[in-house]
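Given the structure is predicted, the values throughout are model-derived calculations rather than measurements. For the numbers below, each heavy atom of this structure counts, side chains included, while hydrogens, waters and symmetry mates do not.
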Amino acid sequence: MSESSLKFSMCSFEKGVKKIDNVKCIRVKDKNFGLLIMEDHAPCIGKINGSLTVIGDEELILDHVDGFYLLRSNEFRFIEKGQFQLPLEEVKEVTESVEEPVKKKERRLRRNARTD
């Protein structure tokens, strides 16, 4: 049997990263639609709230998944929504630490524009 170039990768906070090569097909069952993805399928992106079945050398069944997928260049990537949330104080700290350098750069650019 020939090897497939279709690949599967999944990322979640709880399960970590899982990668499978030589996948024959991926069955997506959402509450609103069903999709069977095989090698050289057209690129697509979407949301899944249902189950995933990955069929390759072994079969991987993921029930009750909720997340997003991307299929591009024969690589199916699934990112599961996590239950991970930062406390509000930490979100503010991260936001402020990112905003401060941007504000400094904006002030410097405005100052340089006035001198030109």
Side-chain angles (χ1 to χ4, degrees):
M1 186 179 292
S2 66
E3 288 196 16
S4 172
S5 64
L6 186 60
K7 297 175 184 173
F8 172 84
S9 65
M10 175 185 162
C11 179
S12 74
F13 285 114
E14 296 164 356
K15 299 173 186 135
V17 177
K18 177 145 181 92
K19 292 185 176 190
I20 301 174
D21 293 332
N22 196 23
V23 173
K24 293 180 182 116
C25 66
I26 300 168
R27 182 178 295 127
V28 177
K29 286 186 184 175
D30 186 80
K31 61 182 180 182
N32 298 319
F33 67 91
L35 184 62
L36 180 66
I37 296 173
M38 298 177 77
E39 189 174 1
D40 296 329
H41 191 283
C44 57
I45 187 169
K47 182 178 180 196
I48 302 170
N49 187 357
S51 68
L52 275 172
T53 304
V54 181
I55 301 171
D57 297 332
E58 56 198 52
E59 189 171 304
L60 172 67
I61 300 172
L62 303 166
D63 288 321
H64 310 293
V65 295
D66 187 17
F68 303 93
Y69 70 91
L70 168 69
L71 174 66
R72 186 176 71 184
S73 302
N74 280 331
E75 186 172 346
F76 185 92
R77 298 176 189 168
F78 176 68
I79 300 173
E80 190 170 24
K81 280 186 184 178
Q83 303 302 319
F84 179 76
Q85 290 184 336
L86 288 174
L88 186 57
E89 301 82 37
E90 290 183 38
V91 171
K92 287 180 182 177
E93 286 177 23
V94 170
T95 305
E96 290 168 359
S97 68
V98 170
E99 287 177 346
E100 191 57 37
V102 172
K103 287 179 182 177
K104 284 181 182 178
K105 187 172 185 177
E106 287 175 349
R107 286 192 297 260
R108 188 173 359 113
L109 289 172
R110 273 190 243 127
R111 220 180 7 234
N112 291 343
R114 283 186 287 212
T115 59
D116 290 341

Full working for side chain to side chain contact (heavy atoms under 4.5 Å, CB included) between E39 and S5: CA-CA 7 Å; E39 189 174 1; S5 64; 2.8 Å; yes
Smallest separation among heavy atoms of D63 and S51, with atom names: OD1-CB, 3.5 Å
Intermediate values then yes/no, side chain to side chain contact (heavy atoms under 4.5 Å, CB included), K19 and V17: CA-CA 7 Å; K19 292 185 176 190; V17 177; 4.2 Å; yes
Minimum heavy-atom distance L36-H41, with the two atoms named: O-CD2, 3.8 Å
Stepwise side chain to side chain contact (heavy atoms under 4.5 Å, CB included) check, K29 with L35: CA-CA 7 Å; K29 286 186 184 175; L35 184 62; over 6 Å; no
Option passing side-chain contact (heavy atoms from CB on, under 4.5 Å) with I20 (candidates L60, I26, I55, D57): L60
Under 3.5 Å: donor-acceptor pair, side chain of N74, backbone of D40: yes
same_hphob_cluster(F76, F33) at 4.5 Å side-chain heavy-atom cutoff: yes
Where G56 and K24 come nearest, the two heavy atoms and their spacing: O-NZ, 3.4 Å
Spacing of CG belonging to L52 relative to CZ belonging to F8, to within rounding of 0.5 Å: 5.5 Å
Side chain to side chain donor-acceptor pair (under 3.5 Å) between T53 and E59, intermediate numbers included: CA-CA 7 Å; T53 304; E59 189 171 304; 5.6 Å; no
Pair R77 + E75: basic N to acidic O under 4.0 Å: yes
Heavy-atom side-chain contact between L71 and L6 under 4.5 Å: yes
Centroid-centroid under 6.0 Å between F68 and F78 rings: no
R27 side, atom CZ; L62 side, atom CG - distance, nearest 0.5 Å: 13.0 Å
Closest heavy-atom pair and its distance - E80, S12: OE1-CB, 3.3 Å
For D30, side chain to side chain donor-acceptor pair (under 3.5 Å) partners two or more places apart: none
